[in-house]
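Following: one structure in structure tokens, then a few remarks.
First the proteins, then the strands, lettered A, B, ... as listed; each starts at 1. The figures that follow rest on heavy atoms only: side chains count, while hydrogens, waters and symmetry mates do not. Note that the structure is a prediction, hence the values are computed from the model and not measured.
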Amino acid sequence: MRHGKYPFVIGFLAAPVTIYVVFVIAPYAQAFYMALTNWRGLSPGQFIGLENFTRLFQDDVFWKALQHHGILLLALPLVTIIIALFLAFMLNVGGGSKQGIMTGVWGSKFYRVVFFLPQVLAVAILGVLFQSVYRPDGSGMINSLVTKIGLEPIGFLINPDLALWSIIAVLVWQAVGFYVVLFSAGMSNIPKDIYEAAMLDGATRMSMFFRVTLPLLWDTLQVAWVYLGIAAFDAFAIVQTLTVDQGGPDGSTTVIGMEIYRNAFTYSKYGYASAMGVALFFLTITFAALSLRVSRRESVEM
Amino acid sequence: MSVDLEKPPVKSAAPSPEKTRREVNVLAGFGHLFLAVWALLIIAPLIWTFLASFKTNEEIFGDAWTMPGALRLDNWARAWSEAHVGQYFLNSVFVVGLSTAGTMLLGAMAAYVLARYSFWGNRAIYYLFVSGLAFPVFLALVPLFFVVRNLGLLNSYVGLVLVYIAYSLPFTVFFLAAFFKSLPNSVAEAAVMDGASHTRLFFQVMMPMARSGLISITIFNVIGQWNQYLLPLALLQGEGAEEKWVLTQGIANISTSAGFDADWGGLFAALTMAILPMIVIYAIFQRQIQSGLTSGAVK
């Protein structure tokens with residue numbers, strides 16, 4: 001190309017690359033080193049090798065948090081994807097065939113707008129909102145109805161057995177809309193004549209869903225699974241704003257993000273917090289790599 | 001759901017139309033119900049919050065599903081001024097306005113150069129940006145805190161805006177690079193023939209041509225930065241930090257410090273004030289938001 005290319009390229013890249021390297025790359029690089037020190041913020045930290053990690057693996061709180069991620073990792077994608085798939089199917093092909101074109105049920109446009117709405121609400125705000133939803137007496141949105149039909153109020157957030165599931169419900173509530181839209185986009189890429197052919201062959205809606213929609217949507221489902229899995233490792237904000245004692249009651253809802261935050265900004269154990277961060281990093285990467293591998297499958301040629 | 005599974009459809013013989021219709025009706029009925037219930041589950045808490053913003057403490061701690069006794073607008077007034085929601089709101093507008101503008105300018109510049117110019121190190125820089133998508137923010141949190149502190153930018157808007165820009169760049173560059181790559185060459189060539197400089201070509205030809213992509217990713221960044229919680233929590237602390245807090249941080253703080261004797265009506269008024277602008281923006285741009293987010297996700 002013409003002269004002046006390099007000054008231009010450098011001029012355009014200098015600011016974004018500098019900001020990115022200083023505030024993103026450098027901290028990530030430091031985190032890996034910091035995890036090998038016992039730095040507590042005031043005195044200079046000493047290099048202690050893998051000691052943080054051996055302590056980490058003996059830390060009950062860490063294991064508890066890890067166990068919660070395990071539950072999140074299974075429940076969040078599974079429930080979200082099933083609900084979103086069903087809703088997306090209704091919105092796109094549930095209305096049957098009109099002049100040979102598959103349509104969604106009546107009101108599809110309205111539903112599509114409403115379902116996505118939680119996606120634009122801040123997680124911190126959801127935390128406050130759902131405190132009112134879950135309040136353990138008749139002034140809670142759910143328990144008001146529960147007591148009206150004569151049942152005992154449910155201690156959603158104060159019962160250690162229920163608290164984590166209550167959190168998962170909020171995450172599903174928020175996530176479904178995005179996946180409805182994602183799956184809708186995937187479904188609209190499926191050629192209409194496949195459905196028509198299936199219709200003519202007398203396929204029921206059920207078998208159309210399982211034999212046509214699902215196989216052709218496999219790639220999109222895989223993306224959804226990875227996204228939701230990564231979200232399951234990142235449930236910090238909702239835990240901090242919604243749960244009793246930030247991760248309680250009695251540690252029953254704590255997640256690694258919560259423990260990183262607590263160790264760093266409450267106890268000033270920066271080295272230890274970074275070790276947790278590194279562990280979280282490897283968990284996330286491993287999960288993403290594994291799930292992409294396991295779910296790899298011959299995609300259907302169209 | 002065991003909705004009338006019948007026998008598996010026989011390939012050649014079409015089932016009687018009556019049977020198909022019945023199957024359609026049952027499933028459609030169940031589907032309609034489920035759609036309506038899910039919509040209600042989303043709208044109900046929002047309406048409740050809106051109603052609670054007019055309630056007194058006694059009403060809020062009474063039966064949840066009763067109407068407020070009167071339209072108490074003073075809850076809103078108190079939340080706006082005494083609980084500083086007005087302040088937090090303006091802080092958020094200020095920070096997000098600056099950082100979205102910065103993200104778009106810097107992100108578009110980087111994406112454009114990376115997408116349309118070949119030079120040594122191009123791929124390396126591109127992957128450096130894109131790799132940022134894979135890292136959990138938590139990992140960087142502690143060192144980031146010290147980077148910002150050592151630069152003397154802790155508890156300052158400059159620091160927060162720069163950090164927002166930095167963390168929005170990976171997705172912005174990733175998305176826009178694909179977009180710039182897809183733009184036709186002919187227009188660019190014509191402009192070069194007419195003697196346009198590189199910079200002029202970018203601002204007067206390429207940017208306008210990439211408008212739809214720029215709008216999608218701008219909305220995405222506005223929502224993401226407006227809803228950001230972790231970064232301001234970690235970076236806006238120290239003396240006088242309260243005055244700089246952004247909306248999500250302020251709301252979370254009001255709620256954690258609120259006991260039974262606190263101003264609950266004011267809290268819900270504050271909450272409504274935080275939710276309403278997002279609903280309005282969403283209602284206006286919902287088409288672009290949905291298509292923008294999914295096209296970014298599928299690519």
**Item:** Val24(A) vs Leu169(B) side-chain heavy atoms within contact, under 4.5 Å
**Value:** no
**Request:** Could you look at Trp38(B) and say if it's the side chain, the backbone, both or neither that has a heavy atom under 4.5 Å from chain A?
**Result:** both
**Heavy-atom proximity to chain A below 4.5 Å, by part of Leu233(B)** = both
**Item:** Contacting moiety of Val21(A), where chain B heavy atoms sit under 4.5 Å
**Value:** side chain
**Prompt:** Where does Ile285(A) contact chain B at under 4.5 Å (heavy atoms): side chain, backbone, both or neither?
**Reply:** side chain
Would you mind telling me which of [options] has the largest number of heavy-atom pairs within less than 4.5 Å of chain B?
options	answer
Leu145(A), Leu129(A), Ile25(A), Val17(A)	Leu129(A)
Thr284(A), Ile19(A), Leu87(A)	Leu87(A)
Ala279(A), Gly11(A), Ser274(A), Gly257(A)	Gly257(A)
Lys148(A), Met34(A), Met276(A), Met141(A)	Met141(A)

**Prompt:** Parallel, tilted or perpendicular: which describes the rings of Tyr282(B) and Phe116(A), with under 30° parallel and over 60° perpendicular?
**Reply:** parallel
**Asked** Does the cation-pi check pass for Arg135(A) over Trp264(B), that is, NZ or CZ under 6.0 Å from the six-membered ring centre and within 45° of its axis?
**Response** yes
**Item:** Side-chain (Tyr270(A)) to main-chain (Val142(B)) donor-acceptor, under 3.5 angstrom
**Value:** no
**Request:** Could you please spell out the steps behind the side-chain contact (heavy atoms from CB on, under 4.5 Å) verdict for Phe12(A) and His198(B)?
**Result:** CA-CA 10 Å; Phe12(A) 261 38; His198(B) 292 287; over 6 Å; no
